[in-house]
Participant: 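Have a look at the structure that comes next, please.
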Amino acid sequence: MALIPGARLRRRHGDVDYVFRQHSDLLYLTGFEQPAAAALLTQNRYVLFVQPRDSEAETWTGLRPGVEGACERYGADEAHPIGELAQRLPEFIENAPRLHYPLGEDRSTDDLVVRSLEAVRGRARRGVTAPRNIADPRAILHEMRLRKEPEELELMRAAAEITREAHEQAARLCQPGTHEHEVEAELHYVFRRRGGAGPAYPSIVGSGDNATILHYIENRDQLQRGQLVLIDAGVELHGYASDVTRTYPVGGHFEGPAREVYELVLRAQESALGEIRPGATLRALHERAVGVFVEGLIELGALEGSAGELIEKEAYRPFYMHTTSHWLGLDVHDVGDYHVEGKPRPLEAGMVFTVEPGLYFPARDERTPERLRSIGVRIEDDVVVTEDGFEILTSSIPKRPDEVERCVRG
Ligand code: GLY
Ligand code: MN
Ligand code: MN
């Protein structure tokens, strides 16, 4: 028996809510995209609790599937108004030995579950028992979500294709005088024009020194000749995220140190990609990227000493402070344990993740050599492990320096 609650609407300001996004666990199990919903799964029944039809409310916020739609369109065996969850839950959990419920995600549903347990315990003399065991459904669910089914991969490929067009259009705007927000607008225009929900996460368009701020989302400066623009943006499509970074030279020519850094990041990414196969680990990919970076940072004059010692001391961290990969799926930083029994988890076919090495040389940091100041480069692709290697879902988005330059020049 499992009870999986959906996400709640959240207030943005006044009486305006944030655009609703279903909780990924409920979305994964049901496809149900509306607020105020929960799924109850028993050994042989799939029950949805949803907002009932309500003509007045629907005038304001749109048509609801209601209890009929929950069965007809979402395949539930039975459905009830969400307002009846509190009253019906005790009956469902009676005599169930274990209830899978994600405690701590939603306090008011937590309360409702506790009250239901109390209600059933109060009927002990009638011979019923309450679940003795409350288990976290995420232990099972997130292992399922970590390994993508072919249908999920199809959606992720479709998301990658929309993201490709968005990057291609955005690249052309990387000219002196354009504002970062204009580039952002172009990305979001393509995301929506092609039917995506919008960006899967706040888009990052960072020119010059802004490219050295990992999650720069103000996107308000004007692009200048000689700068690089780091664009980290991907569409969300039917709940699935793409997560892609490319770094473009303003005006269309990589020059001097910017080219050297770009080529170094690309080498690190290729080296990390080369490691991917079933049985490899994200830790090993990261170590590959770090190895390439440390050699390159010595050549660039940003580090001094022996590579082995510099790696040992993590001397590269002022310039490479994040890890190389994260799981990707319904959440941008998707669910799934990174370690199993204390060890980095071996990759398996169907696992999807990013490979996103980057180097950042902030002008504000005195450790940054003069000639590298205000250069930030990240190259990020989305990858699925296959039976005998890997597939880059985002491989059609150019990243070789000459291709990237051509994208900017249009
Ligand atoms: N866009 C967030 C990330 O790359 O992890
Ligand atoms: Mn990422
Ligand atoms: Mn990203």
Side-chain angles (χ1 to χ4, degrees), residues 21 24 145-146 148 156-157 159-168 170-171 174 180 183-184 186-188 190-191 196-207 210-219 228-237 239-248 262 265-266 268-270 272-273 275-276 282-283 285-286 288-290 293 317 319-336 338 347 351-360 376-385 390-399 404:
R21 163 62 157 70
S24 295
R145 282 178 52 191
L146 177 58
K148 272 66 179 176
M156 296 191 82
R157 285 189 196 96
E161 160 47 29
I162 296 173
T163 297
R164 177 203 62 73
E165 185 185 337
H167 270 263
E168 202 162 275
C174 293
E180 293 164 346
V183 179
E184 175 187 338
E186 188 69 23
L187 293 159
H188 294 189
V190 177
F191 292 163
Y201 51 89
S203 299
I204 297 163
V205 182
S207 60
N210 298 335
T212 68
I213 297 166
L214 296 180
H215 289 168
Y216 170 81
I217 55 173
E218 286 85 355
N219 302 349
L228 296 177
V229 194
L230 185 153
I231 301 182
D232 184 346
V235 74
E236 179 178 311
L237 184 67
Y240 288 85
S242 55
D243 182 8
V244 174
T245 309
R246 291 291 184 266
T247 307
Y248 301 98
Y262 189 91
V265 174
L266 188 56
Q269 204 219 23
E270 280 163 354
L273 287 167
E275 184 71 25
I276 303 171
L282 296 182
R283 164 83 67 87
L285 267 68
H286 182 62
R288 285 283 210 110
V290 164
F293 278 160
R317 283 188 65 94
F319 313 112
Y320 186 39
M321 60 298 280
H322 59 80
T323 49
T324 303
S325 299
H326 57 78
W327 307 128
L328 182 73
L330 287 168
D331 293 355
V332 173
H333 293 176
D334 208 23
V335 295
Y338 287 89
L347 296 175
M351 292 180 177
V352 176
F353 54 87
T354 65
V355 181
E356 52 174 310
L359 285 175
Y360 312 92
V377 175
R378 178 162 65 251
I379 304 175
E380 173 173 33
D381 281 298
D382 304 341
V383 173
V384 57
V385 183
F390 64 98
E391 172 192 338
I392 304 180
L393 300 170
T394 49
S395 62
S396 65
I397 308 174
K399 64 184 173 189
V404 170

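When a ligand or atom number is given, it counts from 1 through the structure's own listing order.
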Participant: Just checking, is any N or O donor in the side chain of Glu356 or His326 under 3.5 Å from an acceptor N or O on the other one?
Facilitator: yes
Participant: Going by atom types alone, do Thr354 and Asp243 pair a side-chain donor with an acceptor below 3.5 Å?
Facilitator: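 No pair is found: no donor N or O on one side chain lies under 3.5 Å from an acceptor on the other.
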Participant: Salt bridge between Arg157 and Glu161, side-chain N to carboxylate O under 4.0 Å?
Facilitator: no
Participant: Among the protein atoms near the Mn ion (ligand 2), how many are N, O or S and lie under 2.8 Å away?
Facilitator: 4
Participant: Would you call Thr323 and Leu282 a side-chain contact if the rule is heavy atoms closer than 4.5 Å?
Facilitator: no
Participant: Need the list: ligand 1 N/O atoms against protein N/O atoms, distance under 3.5 Å, rounded to one decimal.
Facilitator:
| unit_1 | atom_1 | unit_2 | atom_2 | d |
| --- | --- | --- | --- | --- |
| ligand 1 | 1 (N) | Asp232 | OD1 | 3.3 |
| ligand 1 | 1 (N) | Asp232 | OD2 | 3.1 |
| ligand 1 | 1 (N) | Asp243 | OD1 | 3.2 |
| ligand 1 | 4 (O) | Asp232 | OD2 | 3.3 |
| ligand 1 | 4 (O) | Asp243 | OD1 | 3.4 |
| ligand 1 | 4 (O) | Asp243 | OD2 | 3.2 |
| ligand 1 | 4 (O) | Glu356 | OE1 | 3.1 |
| ligand 1 | 4 (O) | Glu380 | OE1 | 3.3 |
| ligand 1 | 4 (O) | Glu380 | OE2 | 3.2 |
| ligand 1 | 5 (O) | His326 | NE2 | 3.0 |
| ligand 1 | 5 (O) | His333 | NE2 | 2.7 |

Participant: For Glu180 and Ser207, test the side chains for any donor-to-acceptor distance below 3.5 angstrom and give the result as yes or no.
Facilitator: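 Yes.
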Participant: Hey, are Asp382 and Thr394 close enough side-chain-wise for a donor-acceptor pair under 3.5 Å?
Facilitator: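 The answer is no; no qualifying pair exists.
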Participant: Cut-off 3.5 Å, side chains only: do Tyr360 and Arg378 have a donor facing an acceptor?
Facilitator: yes
Participant: Indicate whether any N or O donor in one side chain lies under 3.5 Å from an N or O acceptor in the other, for His333 and Tyr201.
Facilitator: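 No, because no side-chain N or O of His333 sits under 3.5 Å from a partner of the opposite role on Tyr201.
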Participant: Answer with yes or no whether the side chains of Thr324 and Tyr320 bring together a donor and an acceptor at under 3.5 Å.
Facilitator: yes
